[in-house]
Amino acid sequence: MTDETATPALNFVQTIIEHDNQTGKFEGRVQTRFPPEPNGYLHIGHAKSICLNFGLAERYNGQCNLRFDDTNPEKEDVEYVDSIKDDVRWLGFDWQERLFFASDYYEQLHDFAVQLIEKGKAYVCSLSAEEVREHRGGWNKEGRNSPYRERTAEENLDLFRRMREGEFDEGAHTLRAKIDMASPNMNLRDPTIYRIRRVTHHRTGDTWCIYPMYDFAHGLCDSLEKVTHSICTLEFEHHRPLYDWFLDQLEVYHPQQIEFARLNLTYTVLSKRKLISLVQAGHVSGWDDPRMPTLVGLRRRGYTPEAIRDFCERIGVAKFNSTIETTWLEDALRQDLNRRACRVLAVLRPLKVVIENYPEDQVEQLEAINNPEDAAAGSRQLPFSRELYIERSDFMEDPPKKYFRLAPGREVRLRYAYYLKCESVVRDEQSGEVIELRCTYDPATRGGSSPDGRKVKGTIHWVSAAHCVPAEVRLYDHLFQTPDPNKVEEGQDFTANLNPHSLEVLTDCRVEPSLSDVDPEQRVQFERTGYFRADPIDSRPGKLVFNRIVTLRDTWAKLSRNKAPKAGNKSKGGQKKQAK
RNA sequence: UACCCGGUGGUGUAAUUGGCAACACUACGGAUUUUGGUUCCGUUAUUCCAGGUUCAAGUCCUGGCCGGGUAACCA
């Protein structure tokens with residue numbers, strides 16, 4: 001069990017926990033919780049929080065609860081509860097029997113509210129929402145006390161009882177904490193703790209018409225669950241005094257709230273509101289569109305839970321508001337799949353090759369290694385014949401320097417097969433476009449090396465025309481074309497930065513026969529191209545559809561892109577380098 | 001405008017809590033390679049600024065600058 005030899009380098013939350021464990025603050029216990037509101041789909045930012053909370057529990061032999069913060073029935077729904085549970089499970093975390101809902105505690109929360117009233121720390125306010133806002137004041141304007149602030153405990157108790165019993169209309173009254181209308185912290189200016197909402201709750205139905213507010217409910221739920229470290233994002237920092245206030249006034253078990261910076265990623269958006277608008281405006285096909293940063297989207301795209309967890313581990317946890325480059329996510333995926341994915345040959349943009357000196361009816365089976373990173377993955381047979389398809393981009397009539405692939409008169413190696421030489425090209429009579437290559441092979445090079453030891457720099461992939469299987473391939477790119485989609489010109493919104501090429505569908509691809517019944521759960525590497533998986537929804541035997549999860553690193557593409565502006569002066573404006 | 005929180009290479013996170021600024025990713029250069037993949041090697045910082053305390057400051061103090069957050073009967 002010596003996986004980590006060097007100093008583990010604790011993040012600041014771990015530092016706090018270890019300190020607490022040393023001082024015995026929570027008797028060495030670690031109890032966390034992941035508290036989503038069931039009003040939307042989880043995204044990669046939530047994954048950071050999930051990994052943090054469950055990860056901490058795991059690391060310190062504690063427990064992490066899954067608790068739905070369902071205190072606002074207007075926005076919440078079981079649909080979201082189910083998808084969130086599914087996502088957390090998919091990521092690989094287990095809350096065992098500890099699935100909770102804030103609504104499980106409604107009765108207890110109500111009793112806490114009653115106690116607060118009895119202690120003279122809460123009152124029923126009959127101001128309208130607008131009046132409350134007006135009374136609250138502003139940043140440099142003190143608030144004014146509500147005229148209802150001094151109601152007696154008896155009166156408040158009676159009113160609150162009648163609120164619960166449904167005697168009043170929505171908005172007629174609220175229960176407010178009695179704190180300090182002059183506080184520089186707006187959250188302490190007599191915050192609302194209960195409001196009347198005549199809405200059916202997805203779990204409690206119509207048994208309640210008053211619902212607790214987040215600030216009141218959250219800390220008390222944490223307390224009831226004996227949470228030790230209540231981890232939330234930075235924007236709740238100003239809520240901590242209020243979190244502490246309720247716990248102190250009620251003299252109950254007191255967890256510690258700790259805030260961390262939420263995740264930001266380049267080339268995407270992670271706000272629930274923006275994600276919803278992308279779905280509603282039809283910019284994506286749905287929450288599970290493979291370009292979406294949602295967990296369902298990443299999952300459909302083909303990201304593995306292992307890669308996402310590794311990513312969350314690598315980005316660390318801090319209080320500094322940072323933006324992580326998406327390449328980190330891609331890199332985590334590449335690292336995972338390089339190790340695990342079987343290699344296959346697939347041609348995305350086919351160009352026909354006829355090997356003139358190869359016997360007309362001959363078919364050979366050639367051995368191909370499944371995964372050079374994993375000997376246990378074994379090998380398979382690839383059918384080879386006179387007519388093949390190769391990648392269009394692997395042939396150029398007039399190749400630039402350092403192009404190692406096929407060109408008239410040049411020789412390349414066909415992976416696992418033979419050396420192939422291009423003798424001539426066949427053109428479409430109308431367009432002049434190259435539609436076929438006439439080639440010859442060297443029978444002495446079977447397996448890919450020559451007895452005379454001559455060097456062939458390039459190796460290209462191929463499929464046998466008679467044996468390959470047609471497929472559709474969906475190439476995904478960043479949803480946005482700018483690193484920070486929120487940066488827009490006056491009068492525009494973030495959708496102005498959408499990448500028009502974020503999805504390219506190729507309908508005429510050819511893949512090797514072993515893929516004809518591929519399991520969508522299996523990720524494969526199309527050699528020299530990228531990592532792919534069959535789309536779990538649209539793909540089926542006979543009509544294969546593959547999603548590109550991520551490309552392979554492509555130094556040639558990078559090379560030709562960087563050299564282009566210098567060498568050829570007819571490049572179109574060049575890729576603008578990212579501004580600093 | 002008030003309050004709160006932050007500021008370490010292109011990016012993110014460290015720094016034994018006052019002791020020679022480290023690790024990872026990217027970028028660039030090179031080696032290996034039957035994937036232009038993988039792997040390996042190399043290159044990039046007066047720690048936001050200015051003062052102060054100290055033998056010694058990224059760490060402590062003072063002032064400034066910059067960034068983020070906050071005024072829902074949302075979470």
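Order of the sequence lines sets the chain letters (A, B, ...), proteins ahead of strands, with each chain counted from 1.
Put simply, the side chain of A/R548 does not reach to within 4.5 Å of the side chain of A/F526, judged on heavy atoms. When side chains are defined from C-beta on, A/R67 counts as touching A/D222, because their heavy atoms get closer than 4.5 Å. Residues A/C221 and A/F100 are not in side-chain contact: their nearest non-hydrogen atoms beyond the backbone lie 4.5 Å or more apart.
We find that A/E170 and A/R195 are not joined by a salt bridge, their nearest charged nitrogen and carboxylate oxygen being 4.0 Å or further apart.
In this model, no side-chain donor or acceptor of A/R240 finds a partner on the base of B/C4 within 3.5 Å. Residue side chain A/E373 reaches the base of B/G37 through a donor-acceptor N/O pair under 3.5 Å, judged by distance alone. One N or O donor and one acceptor, one from the side chain of A/Q525 and one from the base of B/U35, sit under 3.5 Å apart.
B/U16 sits 13 Å from B/U59 when the C1' atoms are compared, rounded to a whole Å. Across B/U8 and B/C60, the matching P atoms stand 15 Å from one another, rounded to whole Å. When the P atom is compared between B/A22 and B/G30, the two are found 26 Å apart, to the nearest whole Å. Separating the P atom of B/C48 from that of B/G10 is a span of 13 Å, rounded to the nearest Å. Across the C1' atoms, B/C49 and B/G67 are found 15 Å apart, a figure rounded to whole Å.
Applying the 5.5 angstrom centroid cut-off and the 30 degree plane-angle cut-off, the aromatic ring of A/W556 is stacked upon the base of B/G36. With its ring centre under 5.5 Å from that of the base six-membered ring and a plane angle below 30°, A/W139 counts as stacked on B/U70. An aromatic stacking contact between A/F320 and the base of B/G7 is absent, as defined here by ring centres under 5.5 Å apart and ring planes under 30° from parallel.
For A/N140, the listed nucleotide lying nearest its side chain is B/U1; candidates were B/C73, B/U11, B/U1. Closest approach to the A/M186 side chain among B/C3, B/U35, B/A71 is made by B/A71 (side chain taken as heavy atoms from C-beta onward). The A/R343 side chain lies nearest to B/G37 when the options are B/C25, B/G37, B/A75. Out of B/U17, B/U35, B/A2, the shortest distance to the side chain of A/T15 is found at B/U17. Among B/G68, B/G36, B/G12, the nucleotide with an atom closest to any side-chain atom of A/T555 is B/G36. Closest approach to the A/T71 side chain among B/A75, B/G12, B/A72 is made by B/A75 (side chain taken as heavy atoms from C-beta onward). Picking from B/U11, B/U26, B/G36 the nucleotide with the shortest atom distance to the side chain of A/F404 gives B/G36. Residue A/H238 places its side chain closer to B/G69 than to any other of B/G37, B/G69, B/C73. Here the side chain of A/K558 is nearest to one of B/C73, B/G12, B/C28, namely B/C28. The side chain of A/L559 has B/G36 as its nearest neighbour among B/G36, B/A72, B/U13.
In this entry the base of B/U17 is syn relative to its sugar, with a glycosidic angle within 90° of 0.
Here A/H239 lies in heavy-atom contact (under 4.0 Å) with a base. A/R334 comes within contact range of no nucleotide atom at all, as no heavy-atom separation falls under 4.0 Å. Residue contacts shown for A/N11 are limited to sugar-phosphate atoms, with no base heavy atom under 4.0 Å away. Among the atoms of the strands shown, none is found under 4.0 Å from any heavy atom of A/T233. Nucleic acid contact for A/R405: base, since at least one base atom lies under 4.0 Å from a heavy atom of the residue. Using a 4.0 Å heavy-atom criterion, one finds that A/V317 contacts the sugar-phosphate atoms exclusively. Within the 4.0 angstrom heavy-atom criterion, only backbone atoms of the sugar-phosphate kind lie near A/D331; the bases stay farther away. A/Y416 comes within contact range of at least one nucleobase, with a heavy-atom separation under 4.0 Å.
Contact check, A/R339 against B/U38: no side-chain N or O comes under 4.0 Å of OP1 or OP2. For B/G36, neither phosphate oxygen OP1 nor OP2 lies less than 4.0 angstrom from any side-chain nitrogen or oxygen of A/R415. Put simply, A/R528 has a side-chain N or O that comes within less than 4.0 Å of OP1 or OP2 on B/G36. When the side-chain nitrogen and oxygen atoms of A/R314 are compared with OP1 and OP2 of B/A14, none of them lie within a distance under 4.0 Å.
Side-chain contact, A/H173 with A/S126: a donor N or O sits under 3.5 Å from an acceptor N or O. A donor-acceptor contact closer than 3.5 angstrom is absent between the side chains of A/N370 and A/S379. A/E391 and A/S393 are not linked by any side-chain donor-acceptor pair at a separation below 3.5 angstrom, with hydrogens and angles left out of the test.
Here the C1' atom of nucleotide B/G36 and the NZ atom of A/K455 are 17 Å apart, to the nearest Å. In this structure, A/L265 atom CG and B/U26 atom C1' are separated by 15 Å, rounded to whole Å. Between A/F311 atom CZ and B/U26 atom P the separation is 14 Å, expressed in whole Å.
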Output field dot_bracket for RNA chain B (Watson-Crick or G-U, both distances under 3.5 Å, | for other-strand pairs) contains .((((((..((((.....[..)))).(((((.......)))))....(((((..]....))))))))))).....

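Side-chain atoms of A/H135 do not come within 3.5 Å of backbone N or O of A/R144 as any donor-acceptor pair.
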Could you list the donor-acceptor pairs under 3.5 angstrom formed between side-chain atoms of residues 315-322 of chain A and any protein atom two or more places apart in sequence or on another chain?
| from | atom 1 | to | atom 2 | distance (Å) |
| --- | --- | --- | --- | --- |
| A/K319 | NZ | A/E237 | OE2 | 2.8 |

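Of the two residues near RNA chain B, A/G448 and A/D69, the one whose nearest nucleotide lies more 5' is A/G448. In terms of position on RNA chain B, the residue among A/P36 and A/S322 whose nearest nucleotide sits closer to the 5' end is A/S322.
Using bins of under 30°, 30° to 60° and over 60° for the plane-to-plane angle, the ring pair A/F384/A/Y418 lands in the tilted bin.
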